[in-house]
Amino acid sequence: MADDQKLTTREADFGAWYNELVLKSELADYSPVRGCMVIRPNGYGIWERMQRAMDDMFKETGVQNAYFPLFIPESYLHKEARHVAGFAPELAVVTIGGGKVLEEPLVVRPTSETIIYAMFAKWVQSYRDLPLLINQWCNAVRWEMRTRLFLRTMEFLWQEGHTAHATAEEGEAETRLILGIYRRFMEEWAAMPVVTGRKSESEKFAGALRTYACEGMMQDNKALQAGTSHNLGQNFAKAFDLKFQTEAGGTEFAWNTSWGVSTRMVGGLVMTHGDDIGLRVPPKLAPTELVVVPIYRAEEQRAQVLSVAHQIRSDLSKGASPVRVHVDARENMTPGAKYYDWELRGVPLRLELGPRDLEKAQGILVRRDSREKRPVPLAELSRTATETLAAIQHDMYTTARDRRDAHSYRGPITYARFREIIDGDGGFVYAGWCGTDACEAVIKEETKATIRVLPDPEFQSPDAPRTCVKCGNDATVEAMWAKAY
RNA sequence: CGGGGCGUAGCGUAGCCUGGUAUCGCGCCUGCUUUGGGAGCAGGAGGUCGCCGGUUCAAAUCCGGCCGCCCCGACCA
């Protein structure tokens, strides 16, 4: 009986585990439209906290939010050749409006570079108008063939930042600045270790000069691209005539960047931290940090326990370090059933509160990550909860980082060994690359692994690889290879 | 788009081969007893068996067509 309530284990079938977890923990559900999803309150609550954290960080750097339309004239997409070539296969196009065939079809935005830089061109005249730093939170549509909840859906939520700068250096600096913000968000908020670096030419954004990305390792040892930051150079400025007058009086095209993080991050969170019991949400992203489960028999106990529970919620929500508390007062469930329920949903801390505890003025505090239980005097609960939440946040990060490192491979490596790793348990393989498209393509063809990033210095191996893992010629760069989502 | 699987109550399923109007579990409703790791008992509600057509006295079951979804391979946040 209890068996059909359990999740498929990660080891038995990682994909099935993921789907069951997302559905059972009520993060999301399938929609009537193939490839689309409904994000339920549990999932949206996490997304809202992600939004808030990132939004604050963007704004600290001077970025302002705005909103650009969902519909983009089809002709705009065609103004940047590589951009349209990259996105054409996955466009949704509106051809009829109000019952009439439109003169010009409207593309449902797959991303907004074209319309945003067209608008920037109207707004920017002089170097004094730069930099222009804009972000929007919106949905985007890409007609995908194979979809998975959160990881790839035809419509997804994200933020897309778009900036314009006076010099190439400023554009590059902005691209790197945002990549750093993404990294900080993923490490400090999502407790998700990432490797940052540059994308190879074949993997970069359609229309970009350079693409940088954060790559996390999921528990099946596959890579998940969790955020990208593009240096667009002057490609779009030239396509949309985004020019400005320089201080010296000349005219120059602006330098653009764009960068985005999507609801895919929620899927990354699940695959980074989930276990066979359910979800584990890092405290800083958890809509509820602590759930109080009241235990009682007699009616007078019920009133007493609930009264203390609500007092706890009220007390913890105040003060210098407020804790987000929920009291689970459902009458039709036993305490044990509630424990399973909240563990499935990933709430970081649980306080079990019964008559025996009240006698001792304590509660039983249970960590979701380690499932460790211990009695805590109610008088110290506020401090203990805050400290424990911080410890959970910290431990979740180090646990994820340690397992990432345990499945990362560095040092001299043969192609045979490379294939053995990729075909076996998988992981991140750091290896030399000659820099040619040919070797990259052959490796992808033969192993399904791709270059996730050319790692930034802090992620490079102490001893730079000397030769290309495929052709044996001199390596021009170190590449991090993995199978990816 | 190729390969595989599946559509039966809100969810998960049995029945299909060998036609006779649907099984079981979870959930839901009512009542009582319960409540420290997935409560028990009793009663109850809930179904155009994905859709269309055919065969037949009779179709969830056999035949044909269609639709949808999920999973696995080529593109991608």
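By convention in this document, chain letters (A, B, ...) are assigned in the order of the sequence lines, proteins followed by strands, and residues within each chain are numbered from 1.
- Mapping N19(A) and G354(A) onto RNA chain B by nearest heavy atom places G354(A) closer to the 5' end of the strand.
- A distance of 10.0 Å separates CZ in F240(A) from OH in Y117(A), rounded to the nearest 0.5 Å.
- Among the heavy atoms of the strands lying under 4.0 Å from T153(A) is at least one base atom, whether or not backbone atoms are also near.
- Side-chain atoms of D357(A) and base atoms of G36(B) include a donor and an acceptor less than 3.5 Å apart.
- Put simply, Y339(A) does not rest on the base of G37(B): the two rings are not both less than 5.5 Å apart at their centres and under 30° in tilt.
- Put simply, the side chain of K373(A) and the base of G37(B) share a donor and an acceptor less than 3.5 Å apart.
- Between E331(A) and R302(A) a salt bridge is recorded (basic side-chain N to carboxylate O distance below 4.0 Å).
- For E144(A) and T153(A), the side-chain atoms include no donor-acceptor pair closer than 3.5 Å.
- Remark: P of A77(B) and CG of L149(A) are 19 Å apart, rounded to the nearest angstrom.
- In terms of position on RNA chain B, the residue among H230(A) and R148(A) whose nearest nucleotide sits closer to the 5' end is R148(A).
- Of the listed nucleotides (G36(B), G37(B), C28(B)), G37(B) has the atom at the smallest distance from the side chain of Y340(A).
- The E343(A) side chain lies nearest to G37(B) when the options are A77(B), G37(B), G38(B).
- Seen from the ring of Y212(A), R176(A) counts as a face-on cation partner, given the 6.0 Å and 45° thresholds.
- For the pair R142(A) and F156(A), the cation-pi criterion (under 6.0 Å, within 45° of the ring axis) is not fulfilled.
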Identify the pairs formed between an N or O of the protein and an N or O of nucleotides 33-35 of chain B at a distance under 3.5 Å, and give each distance.
residue : atom : partner : partner atom : Å
U35(B)  : OP1  : R297(A) : NH1          : 2.0
U35(B)  : OP2  : R297(A) : NH1          : 3.3
U35(B)  : O2'  : Y296(A) : O            : 3.1

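- One atom, CZ of R368(A), and another, C1' of G37(B), lie 14 Å apart when rounded to the nearest Å.
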